[in-house]
Amino acid sequence: MNLIYGIKDKPKFGQMLVFAFQQILAILAATIAVPAIINSNSDVLATFPEFATGQGMSAAAALFGAGVGTIIYQLFTKFKSPVFLGSSFAFIGSMCAAFAGAASAQAGFAGIILGAFFAGLAYVVIALVIKLAGVQWINKLMPAAVIGPTVTIIGLSLAGNAVGDLTKGKVLVEDVTRVVGKIDGVEAIVDHTDMVSGASPYVCLICGLITLFSVILISVYGKKMAKLIPFILGILIGYIAAAIFTVIGIKTNNPDLLVIDFSAFKDMTLFAIPDFTFIQAFKGVKIDATYIATIAAAYIPVAFVVFAEHLADHKNLSTIIGQDLTEDPGLHRTLLGDGVGSMFGAFFGGCPNTTYGESVGCVAITRNASVITITTTAIMAMVISFFSPFVTFLASIPNCVMGGVCITLYGFIACSGLKMIQKVDLNENRNLFVVAVILITGIGGLSITFGKVTITSIACALILGIIANLVLSGKDKAKK
């Protein structure tokens, strides 16, 4: 791919700020979604119902922690890897287990910090092994026939999220579903209450498609600066469309048109210190050895599973920038940066970090691989987290608008994997079977759960692909 800005290139200061803000928009939804998911988890709410009223994990703190983690990652990788680190979805089950098993909310906050430390330590161990043994064995274990379809699966596995968001707005209404259940052993009608998008799905779809085609047209036909910031312009156009529908809905008292929740801007302060995780954790918390063992069991196995996704992300990014990151700065450095970055990111925001496919997709589409842009993004994320208007505006962007953007982001990730597969000789049955196994198990959503540890569909597909590749490698040995 011909890059407009290479790794070492430095855009003009004003342009760099705009590019950094574009990266913020690309990673925002997923980064702040993790704390929201934790706060609304049924097991967590059963233990700490106050989390439903805003006393749980902080989205602003998670954004700050992601910025801290990214800077640490850049330091370890010697500013050679242009990717942003955000909140990891892989550890959601581990974080829920930390809160559900805690004796107090403070213990839960301490638990998620401790868990991130355990996960980071696992990354450090893997990094040391790779430093001593090199990366050639990994390249043999996971050639293009394995990594290519895995990267494709990473993009395709997110497709449902993007398409699902296309018909959702930000204004939530109470939805009551009548279901048959039991009360004191007697069958009865039980009301199940949930909060769902209140806007018409067709209105949301229009806003999402406006955003999608704005990004596409600007990326293809845009001139100069516009071509480099398709996400910012696309989101702004989509947001304006959603705002027009919402204003009309307010004036006509039509709830079907209420796409944006403008009430979020009421009683908003200019400046607010995020509710950092370590502040909650240090409030006289006491945890015992049993709880520590529970945390270790919930986090460490997941770290080894996420290693596979870490490798796939960096192989994908290497293809985009035309430089093998597993060789320079080295896979051991990217792992150390990811692991230590997660430790510090969770200290502030509670969430272990991971390299973001959305960030990689942004690099691919804009062809801007400038590392200084990513570093600026990290600093901007930390600064923004203190300013309520920015955080509120970013959080108010409707799901349908972000869904339109994410179709392109996730699509580019999938296409990057397909480009890797192009290099594979699929006339050779060995390669054909390896690619087929990964694609079908990954798209099919095969996942395995052991207790509170879940091996994701991506990890399962990759593991099966590796096994198939190893089993069929005997054919090459037989030829010799």
Side-chain angles (χ1 to χ4, degrees), residues 25-34 36-37 40 86-87 89-90 92 149-173 175 194-220 230-231 233-239 241-242 245 256-261 309 313 316 356-362 364-365 394-418 438-447 456-458 461:
L25 293 175
I27 59 87
L28 177 77
T31 298
I32 66 175
V34 172
I37 293 171
S40 61
S87 306
F89 279 73
I92 285 177
T150 302
V151 171
T152 298
I153 291 302
I154 291 175
L156 295 180
S157 67
L158 296 167
N161 296 335
V163 173
D165 281 344
L166 272 180
T167 56
K168 296 177 182 177
K170 273 293 180 183
V171 180
L172 300 180
V173 296
D175 177 63
D194 198 3
M195 299 300 292
V196 300
S197 176
S200 165
Y202 300 107
V203 173
C204 294
L205 179 61
I206 291 172
C207 295
L209 292 179
I210 288 174
T211 306
L212 170 63
F213 283 100
S214 295
V215 172
I216 292 173
L217 293 173
I218 292 169
S219 295
V220 176
F231 300 131
L233 297 177
I235 288 174
L236 286 177
I237 293 170
Y239 194 97
F245 277 116
D256 286 343
L257 302 180
L258 304 181
V259 183
I260 300 175
D261 183 11
E309 296 181 21
D313 279 339
N316 182 22
Y356 257 25
E358 291 89 340
S359 179
V360 176
C362 187
I365 293 174
L394 294 175
S396 74
I397 298 174
N399 295 51
C400 53
V401 171
M402 290 308 302
V405 170
C406 287
I407 286 177
T408 60
L409 287 173
Y410 301 157
F412 262 71
I413 296 171
C415 289
S416 296
L418 293 176
I438 294 174
L439 288 177
I440 296 304
T441 54
I443 294 173
L446 174 66
S447 63
T456 65
S457 58
I458 296 170

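Only a predicted model underlies this, so the values are computations on that prediction, with no experimental measurement involved.
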At their closest point, which heavy atom of [X] faces which heavy atom of [Y], and how far apart are they?
| X | Y | answer |
| --- | --- | --- |
| T408 | I365 | O-CD1, 3.8 Å |
| V215 | G234 | CG2-CA, 3.9 Å |
| I210 | A241 | CD1-CB, 3.9 Å |
| E358 | A26 | CB-O, 3.4 Å |
| Y410 | A159 | CD1-N, 4.5 Å |
| G169 | N399 | O-OD1, 3.5 Å |

Approximate separation, where rounding is to 0.5 Å, of [X] [atom1] and [Y] [atom2]:
| X | Y | atom1 | atom2 | result |
| --- | --- | --- | --- | --- |
| I407 | N161 | CD1 | CG | 11.5 Å |
| C207 | Y239 | SG | OH | 11.5 Å |
| I237 | L212 | CD1 | CG | 12.0 Å |
| L25 | M402 | CG | CE | 6.5 Å |
| Y202 | T167 | OH | OG1 | 10.0 Å |
| I27 | Y356 | CD1 | OH | 7.0 Å |

Inset, instruction - Evaluate the side-chain proximity of C362 to L409: yes if any heavy-atom separation is below 4.5 Å, no if none is. - result: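 Yes, side chains in contact.
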Legend entry - Side-chain heavy atoms of C406 within contact of D165, under 4.5 Å: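 When only atoms from C-beta onward are counted, D165 and C406 do not touch, as no gap falls below 4.5 Å.
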Legend entry - Side-chain donor/acceptor of T211 to backbone N/O of V405, under 3.5 Å: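 Not a single qualifying donor-acceptor pair exists.
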Inset, instruction - Spell out, as yes or no, whether a donor-acceptor pair under 3.5 Å connects the side chain of S457 to the backbone of L446. - result: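 No, because the side chain of S457 does not come within donor-acceptor range (under 3.5 Å) of the backbone of L446.
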Set of residues satisfying side-chain hydrogen bond (donor to acceptor under 3.5 Å, both in side chains) with respect to [X], sequence neighbours excluded:
| X | value |
| --- | --- |
| S200 | none |
| T31 | none |
| S359 | Q23 |

